[in-house]
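To start, the structure itself, in structure tokens.
Here, residue 1 is the first one in the sequence, and each next residue gets the next number.
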Amino acid sequence: MWNRQQVKEQAKQIMKRNYWKMFVVTLLAGTLSGEKTTIIERVQDFASNNLSYDAQPIFYSSNFQYIFYSFISVVSILGILYTIFIGNVIVVGKNGYFIKNHDENSEFSEIFSGFKGNYLNVVKIMFLMDLKTLLWLFLFIVPGVVKAYEYSMIPYLLAENPNLSASQAFSLSK
């Protein structure tokens, strides 16, 4: 069994070996798989704050409101689809990069390794993970947080073996 000093020393050696490469991979993966909905939520908050009944709203024309909210809805749906089919797969690839980086110098292309091999299985399992976590969060906050913690190892398991079945991935993550 490792103790804290051994783990810390090993992490320092890996970080010294290729710190900037790891930094760029983290930045790139975070940008490509990041939360796109926060921008949409800010625009929706801006629009709803400007639709007060006290003052003259910015979006006075009801036709403009329908166009604007239709645009926001389409962008939201595209953001969700992007997260399902691209963002989650990049998260799996990023985790695979860091797993392989433990033993050897990994290449930047490892971020996109989730697209190789069993892509649809990775998409399916990551979607199920997000869906189950969301449904648990709708039930109550605390069980949702517990389940999110329980499922947190699924991207790492898929990075090591993208051919896992959904039931295997969920049971191993527990």
Self-check item: Same apolar cluster: I99 and L172, side chain cutoff 4.5 Å
Solution: no
Practice problem: Could you tell me the separation between the CZ atom of F127 and the OG1 atom of T83, rounded to the nearest 0.5 Å? | Solution: 11.5 Å
Exercise. With rounding to the nearest 0.5 Å, note down the distance linking OG in S171 to CD in E150.
Key: 10.5 Å
Quiz item: Between E107 and K21, what is the shortest heavy-atom contact and its length?
Solution: CA-NZ, 4.0 Å
Practice problem: Report the relative orientation of the aromatic rings in F23 and Y19; use parallel for angles under 30°, tilted for 30 to 60°, perpendicular for over 60°. | Solution: parallel
Quiz item: Is the backbone N or O of Q6 less than 3.5 Å from a side-chain atom of N3, with the two atoms forming a donor-acceptor pair by type?
Solution: yes
Exercise. Indicate yes or no: at least one non-hydrogen side-chain atom of P155 is less than 4.5 angstrom from one of M126.
Key: yes
Quiz prompt | Pairwise side-chain contact, L157 with S173, heavy-atom cut-off 4.5 Å (strictly under) | solution = yes
Self-check item: Shortest non-hydrogen contact from N163 toward N118
Solution: OD1-ND2, 3.1 Å
Quiz item: Are I154 and L135 connected, step by step, through hydrophobic side chains (Ile, Leu, Val, Met, Phe, Trp, Tyr) whose heavy atoms are closer than 4.5 Å?
Solution: yes
Quiz prompt | Within 6.0 Å of CZ in F108, more than 12 heavy atoms from elsewhere | solution = yes
Quiz item: Do M22 and F98 pass the side chain to side chain contact (heavy atoms under 4.5 Å, CB included) test, and can you show the C-alpha distance, the side-chain angles, and the key distance before you say yes or no?
Solution: CA-CA 8 Å; M22 293 168 57; F98 284 111; 3.8 Å; yes
Quiz prompt | Distance-minimising heavy-atom pair for V89 and G114 | solution = CG1-C, 3.3 Å
Practice problem: Kindly indicate whether the side chain of V92, heavy atoms from C-beta on, has any atom under 4.5 Å from the side chain of Y156. | Solution: no
Quiz item: Linking I/L/V/M/F/W/Y whenever any side-chain heavy atoms sit under 4.5 Å apart, do F115 and L120 land together?
Solution: yes
Quiz item: Can you hop from F112 to I84 via hydrophobic side chains spaced under 4.5 Å?
Solution: yes
Practice problem: Could you tell me whether the side chain of Q10 reaches within less than 4.5 Å of the side chain of H102, counting heavy atoms only? | Solution: yes
Practice problem: Using the salt bridge (charged side-chain N to carboxylate O under 4.0 Å, His left out) rule, collect all pairs that involve residues 109-133, keeping only residues at least two apart or in two chains. | Solution: K100-E110
Quiz item: Under the 3.5 angstrom rule, does the side chain of Y82 hit a backbone N or O of L32 as a donor-acceptor pair?
Solution: yes
Exercise. Answer with yes or no whether the hydrophobic clustering places M129 together with I141; edges join I, L, V, M, F, W, Y residues whose side-chain heavy atoms lie under 4.5 Å apart.
Key: no
Practice problem: Specify the closest pair of heavy atoms between S33 and G87, including all atoms of both residues, with the distance to one decimal. | Solution: CB-O, 3.2 Å
Quiz item: If you round to the nearest 0.5 Å, how far is CD1 of I125 from CG of N121?
Solution: 4.0 Å
Quiz item: Can you tell if the side chain of I67 reaches within under 4.5 Å of the side chain of F71, non-hydrogen atoms only?
Solution: no
Quiz item: Does Q168 reach the main-chain N or O of S165 with its side chain, forming a donor-acceptor pair under 3.5 Å?
Solution: yes
Quiz item: Should R17 and Q13 count as side-chain neighbours, where that means a heavy-atom distance under 4.5 Å?
Solution: no
Quiz prompt | Side-chain touch L81/I77, heavy atoms, less than 4.5 angstrom | solution = yes
Quiz item: Between atom OH of Y97 and atom CG of L28, what is the distance when rounded to the nearest 0.5 Å?
Solution: 11.0 Å
Quiz item: What's the shortest heavy-atom distance between N101 and S106, and which atoms?
Solution: N-OG, 3.2 Å
Self-check item: For S152, all residues meeting side-chain hydrogen bond (donor to acceptor under 3.5 Å, both in side chains), sequence neighbours excluded
Solution: none
Exercise. Decide yes or no for F85 and Y119: does some side-chain heavy atom of the first lie under 4.5 Å from some side-chain heavy atom of the second?
Key: yes
Quiz item: Atom CG in L27, atom OG1 in T31: separation rounded to 0.5 Å?
Solution: 4.5 Å
